[in-house]
Number of protein chains: 2
Amino acid sequence: MANLSIGAAAKASGVKVPTIRYYESIELLPSPPRTGSNRRTYDAGDVRRLAFIRHARELGFEVEAIRTLLKLQDEPEQPCAAADAIARDRLAEVEHRIASLQALRAELIRMVEGCSHGHVGACRVIEILADHGECAYHQGGEPAVLAGRPGG
Amino acid sequence: MANLSIGAAAKASGVKVPTIRYYESIELLPSPPRTGSNRRTYDAGDVRRLAFIRHARELGFEVEAIRTLLKLQDEPEQPCAAADAIARDRLAEVEHRIASLQALRAELIRMVEGCSHGHVGACRVIEILADHGECAYHQGGEPAVLAGRPGG
DNA sequence: GCTACATCCTCTAGCGACTAGAGGATCAAG
DNA sequence: CTTGATCCTCTAGTCGCTAGAGGATGTAGC
């Protein structure tokens with residue numbers, strides 16, 4: 001698998017064409033060789049790198065964290081403590097999120113059930129999410145991953 | 001707890017001062033009464049609402065989704081069918097998110113376990129993220145969590 | 001060869017959800 | 001009555017894309 005067009009690399013990696021160009025522009029992906037007519041050509045290694053980036057983004061890694069991981073990959077003699085730390089941070093956050101979402105889920109189920117009995121009544125969505133002032137997750141400060149959902 | 005300054009409301013809710021003003025500007029938070037010298041004054045209800053918004057954002061809900069949740073809370077008398085639909089939509093979203101995050105969590109655990117005490121050469125972080133082809137997390141189509149960091 | 005039309009190129013501008021800073025008013029403490 | 005924190009409005013910047021303009025090139029069918 002070599003000399004892929006940007007479109008083929010996009011298909012193979014799952015990263016959109018403009019996003020590949022964007023990654024090149026921020027130097028997350030090296031500038032590939034060009035054809036005589038100035039078109040980018042990618043190989044299997046590029047596709048792998050793109051797939052890696054895509055997956056890492058989906059896991060909520062920031063671009064800077066991904067940059068660090070790629071650097072670690074390029075210099076495999078170094079211990080992977082940094083990569084491990086990044087993964088651990090993500091894991092802690094993901095676990096907290098799951099817990100919060102499960103609480104919200106329970107409340108939404110309660111609402112849907114209340115609805116099926118003819119009244120919305122005292123909706124406690126706000127309480128369920130507002131009342132957790134002391135939860136450890138928030139001591140650390142800023143949220144690491146906020147939504148940019150596919151639509152947004 | 002009443003007549004809080006914007007700074008006090010920020011401290012109490014965990015939402016930053018400029019962000020509170022931003023939420024007002026996009027009408028996620030109602031414009032509060034002002035003092036004679038034009039300063040915003042908040043009460044306990046505003047703080048709860050802000051804390052709710054913050055939690056929901058941290059859970060990855062878009063502002064528009066939060067708006068519908070708040071509307072459901074604000075107007076408990078609205079026709080049951082409408083409330084039910086909103087709650088059901090959010091519930092579906094929450095459940096999808098939980099599922100995605102659980103798959104993600106499993107991967108992160110594998111990553112951390114594979115990584116511990118190793119070197120990057122043997123570190124599975126990169127392998128796992130690059131060889132993502134059969135990862136269940138991706139079957140669902142769209143990524144549930146993408147980064148839009150607090151600066152993003 | 002010629003015509004469609006897809007794909008590529010660069011560039012700029014826009015999005016959501018903030019965040020930072022300028023420039024000025026006001027408040028609370030010493 | 002000064003000092004410094006906090007408040008006000010406003011504009012512009014951030015991240016990680018995404019969309020569109022305007023034009024060049026590649027490819028398939030006739």
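Every chain is numbered from 1, with letters handed out A, B, ... down the list of sequences.
One finds no salt bridge joining A:Glu24 and A:Arg21 here, because no Lys/Arg side-chain nitrogen approaches an Asp/Glu carboxylate oxygen to under 4.0 Å.
We find that CD1 of B:Ile20 is positioned 17 Å from C1' of C:dA20, with the value rounded to whole Å. Between A:Asn38 atom CG and C:dC9 atom C1' there is a gap of 6 Å when expressed in whole angstrom units. We find that CD of B:Glu27 is positioned 16 Å from P of C:dC18, with the value rounded to whole Å. If you measure from atom OH of A:Tyr42 to atom C1' of C:dC9, you get 12 Å, rounded to the nearest angstrom. Here C:dT10 presents its P atom at 9 Å from CD1 of A:Ile6, a figure rounded to the nearest Å. B:Glu24 has its CD atom 12 Å from the C1' atom of D:dC8, to the nearest Å. In this structure, A:Leu4 atom CG and D:dG26 atom P are separated by 17 Å, rounded to whole Å. Between the P atom of C:dC27 and the CG atom of B:Asn3 lies a distance of 14 Å, rounded to the nearest Å.
Comparing A:Tyr23 and B:Lys11 along DNA chain D, the residue whose closest nucleotide (by nearest heavy atom) sits nearer the 5' end is B:Lys11. Residues B:Glu64 and B:Arg39 both approach DNA chain C. Their nearest nucleotides, taken by heavy-atom distance, put B:Glu64 toward the 5′ side. For the pair B:Arg40 and A:Lys16, nearest-nucleotide mapping onto DNA chain D gives the more 5' position to B:Arg40. Comparing B:Ile53 and B:Thr35 against DNA chain C, the residue whose closest nucleotide sits nearer the 5' end is B:Ile53.
Side-chain N/O atoms of B:Arg21 include none lying less than 4.0 angstrom from OP1 or OP2 on D:dC10. Contact annotation: A:Arg67 does not reach the phosphate of D:dC15 (side-chain N/O to OP1 or OP2, under 4.0 Å). Contact check, B:Thr19 against C:dT19: a side-chain N or O comes under 4.0 Å of OP1 or OP2. For B:Ser37 and D:dC8, the shortest distance from a side-chain N or O to OP1 or OP2 is not below 4.0 Å.
The side chain of A:Arg57 lies closest to D:dC17, out of D:dC17, C:dC9, C:dC18. For A:Arg34, whose side chain is taken as the heavy atoms from C-beta onward, the closest listed nucleotide among D:dG16, D:dC7, C:dT10 is C:dT10. If you check C:dA17, D:dC7, D:dT9 against the side chain of B:Val17, the one that comes closest is D:dC7.
Residues A:Leu50 and A:Ser13 approach most closely at CB-CB, 3.6 Å, considering heavy atoms. A pairwise comparison of heavy atoms in B:Leu28 and B:Arg49 identifies O-NE, 3.4 Å as the closest pair.
The residue B:Ile26 sits apart from the nucleic acid: no heavy atom pair falls under 4.0 Å.
Between B:Arg39 atom CZ and B:Arg34 atom CZ the span is 11.0 Å, to the nearest 0.5 Å.
Of the possible polar contacts, none joining the A:Arg54 side chain to the A:Lys16 backbone as a donor-acceptor pair under 3.5 Å is found.
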